[in-house]
Enquirer: 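Take this structure first; my questions come after.
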Amino acid sequence: DGPVTVVQRERAGLLFAGVDAVLSGASGLRRWGVENLPAAPESAAVHTLIPHFRHRKSAGFAIVERTQRMPQSHTIEGVPVASLDRCLVDAARRITDRRSTRAMTLEAIQREMVTIDGVERELRYAQRRGTALIRETLEEARAGVRSAPEAELRHIALAGKLPLIWWNPTLWTPEGEFVAMPDGVVVDSLA
């Protein structure tokens, strides 16, 4: 009685998808503990993966995606979930908002839940369609940014409107003592 909870929606999506289904996309990100989700879990679709040889169509709030590369299942709170790398890539393929893609991806990297290399490895095997924003975000992460606002500022700086910025450097004295780890240092001022 009452509104359906997020957990009930996820379980219903898995039951609908059938045997061997795993959560992925934003549903999987939520289970892994990512906070910057592309949509509110109460209203977001439940993304599941099933083996390619099975046939089931998406319906209602349940997205059922067939895959030839079924991920190893991780059990989180009794629910089968794809790896966090796979969840990030699957979520990114379904959203078109640059800030949302940056926020969820950079959060997972900054919190050391994933590595840039791990997500790039997953991207090598993913469908190319819909991955431009996450590929761009990984390039930004390689440049040192660790949040969506930093990535936006980097974009402005690269457009020539700001001086070059060194992102998230660890600063040391000449004697080797730790000074600080600021979000960014304007490189032109170091000359």
Side-chain angles (χ1 to χ4, degrees), residues 6 22-41 44 47 71-77 79 81-126 128 130-191:
V6 173
V22 298
L23 285 180
S24 192
S27 306
L29 293 177
R30 189 189 78 75
R31 287 286 177 160
W32 280 107
V34 173
E35 296 172 6
N36 288 304
L37 300 173
H47 189 156
Q72 177 182 352
S73 175
H74 301 266
T75 303
I76 302 175
E77 298 173 354
V79 175
V81 183
S83 71
L84 183 50
D85 294 323
R86 179 70 179 262
C87 291
L88 273 171
V89 171
D90 285 345
R93 285 181 30 244
R94 295 192 171 274
I95 58 176
T96 58
D97 179 61
R98 176 174 275 110
R99 192 156 223 263
S100 294
T101 303
R102 283 173 169 161
M104 69 183 184
T105 306
L106 294 173
E107 174 195 345
I109 292 168
Q110 182 179 28
R111 292 176 55 196
E112 297 180 354
M113 300 168 81
V114 296
T115 64
I116 298 168
D117 290 339
V119 179
E120 284 179 338
R121 193 170 26 259
E122 187 63 43
L123 274 169
R124 278 196 291 274
Y125 299 106
R128 188 118 176 120
T131 62
L133 291 178
I134 193 168
R135 289 176 193 280
E136 179 183 298
T137 300
L138 292 176
E139 179 183 319
E140 293 165 340
R142 283 227 183 266
V145 300
R146 294 295 180 259
S147 69
E150 288 176 14
E152 291 164 4
L153 185 58
R154 177 179 180 266
H155 180 75
I156 292 168
L158 289 175
K161 297 178 182 170
L162 291 174
L164 185 63
I165 299 172
W166 186 20
W167 297 102
N168 294 291
T170 303
L171 303 179
W172 305 88
T173 66
E175 294 78 34
E177 288 185 49
F178 174 78
V179 175
M181 190 172 184
D183 289 341
V185 173
V186 176
V187 176
D188 289 355
S189 68
L190 297 177

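In what follows, every heavy atom counts, from backbone to side chain, and hydrogens, waters and symmetry copies are set aside.
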Enquirer: Can you tell if the side chain of His155 reaches within under 4.5 Å of the side chain of Leu158, non-hydrogen atoms only?
Expert: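 No; the side chains remain at least 4.5 Å from each other.
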Enquirer: The criterion is ring-ring contact (aromatic ring centres under 6.0 Å, His included); which residues satisfy it with Trp167, sequence neighbours excluded?
Expert: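 Counting only residues at least two positions away or on another chain, Trp167 forms no ring-ring contact (aromatic ring centres under 6.0 Å, His included).
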Enquirer: To the nearest 0.5 Å, how far apart are OG1 in Thr75 and CZ in Arg31?
Expert: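 Going from OG1 on Thr75 over to CZ on Arg31, the span is 10.5 Å.
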Enquirer: Should the pair Arg102-Glu136 be classified as a salt bridge under the 4.0 Å nitrogen-to-oxygen rule?
Expert: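 Yes, Arg102 and Glu136 are salt-bridged.
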Enquirer: To the nearest 0.5 Å, tell me how far Thr101 OG1 sits from Ile95 CD1.
Expert: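 Going from OG1 on Thr101 over to CD1 on Ile95, the span is 3.5 Å.
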Enquirer: Check side chain to side chain donor-acceptor pair (under 3.5 Å) between Arg142 and all other residues, then give those that pass, not counting sequence neighbours.
Expert: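 Applying side chain to side chain donor-acceptor pair (under 3.5 Å) to Arg142 gives Asp117, Glu120.
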Enquirer: I need the Ser147 OG to Ile109 CD1 distance, nearest 0.5 Å.
Expert: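 That separation rounds to 11.5 Å.
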Enquirer: Testing the basics here: between Val119 and Leu138, what is the closest heavy-atom pair and its distance to 0.1 Å?
Expert: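 Residues Val119 and Leu138, closest heavy atoms: CG1-CD1, 3.7 Å.
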Enquirer: Looking at Gln110 and Leu106, would you say the former's side chain and the latter's main chain have a donor-acceptor pair under 3.5 Å?
Expert: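 Checking the backbone N and O of Leu106 against the side chain of Gln110, no donor-acceptor pair under 3.5 Å is found.
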Enquirer: If we check side chain to side chain contact (heavy atoms under 4.5 Å, CB included) with Glu107, which of these qualifies: Leu29, Leu37, Asn36?
Expert: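 Answer after filtering Leu29, Leu37, Asn36: Asn36.
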Enquirer: Stepwise, does the salt bridge (charged side-chain N to carboxylate O under 4.0 Å, His left out) test hold for Arg98 with Glu152?
Expert: CA-CA 10 Å; Arg98 176 174 275 110; Glu152 291 164 4; over 6 Å; no
Enquirer: Which distance, rounded to the nearest 0.5 Å, do you find between the CD1 of Ile165 and the CG of Leu153?
Expert: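 That separation rounds to 4.0 Å.
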Enquirer: Between Gly33 and Met113, what is the shortest heavy-atom contact and its length?
Expert: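 So the minimum-distance heavy-atom pair works out to C-CE, 4.1 Å.
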Enquirer: Once rounded to the nearest 0.5 Å, what's the spacing between atom CD of Gln72 and atom OG of Ser83?
Expert: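 With rounding to 0.5 Å, CD (Gln72) is 8.5 Å from OG (Ser83).
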Enquirer: Provide the closest heavy-atom pair for Asn168 versus Glu150 in the form atom of the first, atom of the second, distance.
Expert: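 Closest approach of Asn168 to Glu150, heavy atoms only: ND2-OE1, 2.8 Å.
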Enquirer: Quick one: which residue pairs count as a salt bridge (charged side-chain N to carboxylate O under 4.0 Å, His left out) with a foot in residues 167-185, not counting sequence neighbours?
Expert: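 Counting only pairs at least two positions apart or across chains, no salt bridge (charged side-chain N to carboxylate O under 4.0 Å, His left out) contact touches residues 167-185.
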Enquirer: Would you indicate whether the side-chain heavy atoms of Val81 and Cys87 approach each other to under 4.5 Å?
Expert: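 The answer is yes, as the side chains (C-beta and beyond) meet within the 4.5 Å cut-off.
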Enquirer: Between the main-chain N or O of His47 and the side-chain N or O of Ser27, is there a donor-acceptor pair closer than 3.5 Å?
Expert: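 It does hold such a pair.
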Enquirer: How close do Pro71 and Arg86 get, heavy atom to heavy atom, and via which atoms?
Expert: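 Looking at all heavy atoms of both residues, the closest pair is CD-NH1, 3.7 Å.
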Enquirer: How far apart are the closest heavy atoms of Arg154 and Ala143, and which atoms are they?
Expert: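 In this case the closest contact between Arg154 and Ala143 is NE-CB, 3.3 Å.
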Enquirer: Show the nearest heavy-atom pair for residues Pro149 and Arg99, with the distance to one decimal.
Expert: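 Between these two residues, the closest heavy atoms are CG-NH2, 3.4 Å.
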Enquirer: Nearest 0.5 Å, please: how far is CZ in Phe178 from CG in Leu171?
Expert: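 So the gap between those two atoms works out to 7.5 Å.
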Enquirer: Closer than 3.5 angstrom, by distance alone: can the side chain of Trp32 be matched with the main-chain N or O of Ala82 as a donor-acceptor pair?
Expert: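 Pair found, side chain donor or acceptor close to backbone of Ala82.
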